[in-house]
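Structure record follows, encoded as structure tokens.
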Amino acid sequence: METIKPKSAINSKSNKLAKTFQKVISFRAATKIALNNGMCILTSQSRVKQHLLTDRLKTHKGNRKHEDIKARNRAVMEALIAKLFAGVSTIKAAYAELQMAQHPYNNEAIQKADQAVVDELRAISELKLSFLQKELKLSPQVTLMLAEIQEQQSLMKTYEIIIKKLEAQVHVKEAEHSSLKKHIDECIPYNKSLEKKLNSSGSLSMLENLQLSVLSPSHFVQFLHRTLRSIRSFVKLMICEMESAHWDHEAAVRFIHPDAVFATPNHQYLAFESFVCITMFEGFNYPNFTVPSQSLEKPHHHHSQQLYFDKFKKLKSLNLKHYLAQGPNSSLARFLKSKYLQVIHAKMECSLFGNLNQRKLLNNGGVPDSEFFMAFAEMAKRVWALHCLAFSFEEEVTIFQVKKNTRFSEVYMECAAEQQLLSTSGEAADFNSGELRVGFTVVPGFKIGKTVIQSQVYMSPVGSPASC
């Protein structure tokens, strides 16, 4: 049977146990324990949390204040740099204005620009001094706004000065252009007069005292060169007319020589020269410069050499326009009319001049007085005179044309473009990647007895075998 202990003993043990807990808690947590009706209450933990929270708030406020100071200092420095750059822009604009005022000289503008430079340099010097002494009194927002305005004004002033300078240069260039244009306008008539003298029949004066007995192939070669010069002059004029009429040059070249390959577009004019030469010299082997319809064989030469030589010498003092008007049925007039209708197609004449007036006038026995027709007539007269000179030789004079794809021969040919012969030098690798052969004949060749006058040919790369 268990013995029930008195209540006082239980209370005594409880007090001892509470004291023991109090000591342990006081030792480990360093806190005070309050006894309330035998219950233990911890009070020190809440106070520690309050102290920690207070310290954190103080630290946060300090950091925030520090960041605010840094942000303000950064804003002040940005405002300082903006103001400094604005000052530099102002100095740049003032210096540009100072340079502009020198030419032409403007004393008032020079003084004003100089004073602006001095004032801005003084302002920058004062800004530097305030920075070194740490006495900057700037409102960042206001300073940035004013600096932006100042810089924009300086840029506008600089642009205005540049515009004025460019306008002055434009006026100078316009004056130079007007002067050069006036000079060109003065040179054009002079050049035309020189070209007319060069291509005129007066150049035949070198053969004025020539006698039939001393006639040689060298005389024929000399007059051939003058004839070719007249042909090239007409071709140049024809190309200019085509450009004015907005012709497609490449399409025209393909029509003349469809398979021609050119080393450079600048060589395309040779196709037009080829067309004019081949057409003008067609029938050269025949006495009347026309192929007889009765036979394809070339008739024998039954006319007197002296007769042809006299015709040749007569041409040196011939007034072509007057001669054509007086003798519309002469051999020369018929030759000129026939060749004009062959070289200048009706569609071509209509395209170049907008009408067929020259063709109609020529068919009615008249003589057009246009620059284009007179250039053609001068060329035709030279070809006719060369024909008369050829039939003045005792030896037979024949004309030949080189076939396409023929290998080059120095005996019978010369290149219309000499650089084409550099087929192995590598200087024109793209064009000269293959073998070069005759693309087309530009100027036909001639034979006077056993003497060969080379034809002028244009060389092109081909892949097919040569035609023999």
Side-chain angles (χ1 to χ4, degrees), residues 191 195 198-199 221 224-282 342-345 348 351-352 375 379 383 399-447 452-468:
N191 290 340
E195 186 176 2
L198 188 63
N199 295 324
V221 171
L224 173 63
H225 289 164
R226 283 163 175 76
T227 303
L228 294 179
R229 187 182 301 165
S230 180
I231 291 174
R232 290 177 182 129
S233 178
F234 171 74
V235 170
K236 180 180 177 181
L237 180 60
M238 183 177 69
I239 293 175
C240 289
E241 294 290 346
M242 292 168 64
E243 289 176 350
S244 299
H246 305 290
W247 273 47
D248 186 346
H249 277 197
E250 293 185 0
V253 169
R254 287 194 299 269
F255 179 79
I256 299 171
H257 294 295
D259 301 326
V261 179
F262 295 92
T264 170
N266 294 334
H267 290 169
Q268 290 183 352
Y269 78 94
L270 292 172
F272 297 104
E273 184 175 330
S274 169
F275 168 73
V276 173
C277 282
I278 299 302
T279 304
M280 293 300 297
F281 282 108
E282 184 182 1
Q342 292 180 51
V343 174
I344 310 301
H345 192 271
M348 180 180 181
S351 174
L352 295 181
M379 172 188 68
V383 174
I399 188 171
F400 66 90
Q401 182 178 347
V402 182
K403 292 182 179 180
K404 182 181 177 181
N405 288 343
T406 303
R407 288 188 177 91
F408 183 80
S409 170
E410 292 184 354
V411 177
Y412 294 97
M413 312 171 205
E414 64 177 354
C415 277
E418 291 294 337
Q419 64 270 27
Q420 293 182 298
L421 291 179
L422 302 174
S423 58
T424 59
S425 65
E427 294 182 14
D430 292 337
F431 184 75
N432 297 310
S433 57
E435 181 185 2
L436 291 183
R437 295 189 181 182
V438 175
F440 57 87
T441 300
V442 180
V443 179
F446 298 87
K447 289 182 180 179
V452 177
I453 301 172
Q454 297 166 312
S455 65
Q456 296 181 18
V457 297
Y458 190 81
M459 306 298 292
S460 297
V462 292
S464 58
S467 299
C468 299

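Val276 approaches Val235 most closely through the heavy-atom pair CG2-CG2, 3.9 Å. Pairing each heavy atom of Leu270 with each of Phe440, the nearest pair is O-CE1, 3.8 Å. When all heavy atoms of Met413 and Thr406 are compared, the pair lying nearest together is CE-CG2, 3.8 Å. Of all heavy-atom pairs spanning Gly439 and Ser460, the tightest one is CA-OG, 3.9 Å. The two atoms that bring Ile231 and Cys277 nearest to each other are CG2-SG, 3.8 Å, heavy atoms only.
Around the CD atom of Gln342, the shell of radius 6.0 Å holds more than 12 heavy atoms that belong to other residues, nucleotides or ligands. More than 12 heavy atoms of other residues, nucleotides or ligands lie within 6.0 Å of CZ in Phe400, so this atom counts as buried by the packing criterion. Heavy atoms from other residues, nucleotides or ligands lying under 6.0 Å from CD of Glu410 number 12 at most.
Rounding to the nearest 0.5 Å gives a distance of 15.5 Å between NZ of Lys236 and CZ of Phe272. Note that OH of Tyr269 and CZ of Phe262 are 10.5 Å apart. Values are rounded to the nearest 0.5 Å. Distance CD1/Ile399 to NZ/Lys447: 12.0 Å, rounded to 0.5 Å. In this structure, CD1 on Ile256 lies 10.0 Å from CD on Gln268, to the nearest 0.5 angstrom. We find the CG-NZ distance between Asp259 and Lys404 to be 3.5 Å, quoted to the nearest 0.5 Å.
Ser230 contributes no side-chain N or O that, together with a main-chain N or O of Arg226, makes up a donor-acceptor pair within less than 3.5 Å. Remark: side-chain polar atoms of Thr441 are paired, donor with acceptor, to backbone N or O of Val402 under 3.5 angstrom. In this structure a side-chain-to-backbone donor-acceptor pair under 3.5 Å is present from Ser455 to Tyr412.
Looking at Met238 and Met242, their side chains come closer than 4.5 Å, going by heavy atoms from C-beta outward. Within the 4.5 Å cutoff, the side chain of Met459 has heavy atoms near those of the Val438 side chain.
Residues passing the side-chain hydrogen bond (donor to acceptor under 3.5 Å, both in side chains) test with Ser351 are Trp247, sequence neighbours excluded.
Counting only residues at least two apart or on different chains, the salt bridge (charged side-chain N to carboxylate O under 4.0 Å, His left out) pairs with a member in residues 263-274 are Arg232-Glu273.
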With side chain to side chain contact (heavy atoms under 4.5 Å, CB included) as the test, would you mind laying out the steps for Ile239 and His249 before giving the verdict? CA-CA 9 Å; Ile239 293 175; His249 277 197; 3.6 Å; yes
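Using a 30° and 60° split on the angle between ring planes, Tyr458 and His267 fall in the perpendicular class, above 60°.
Aromatic ring centres of Phe255 and Phe275 lie farther apart than the 6.0 Å criterion allows.
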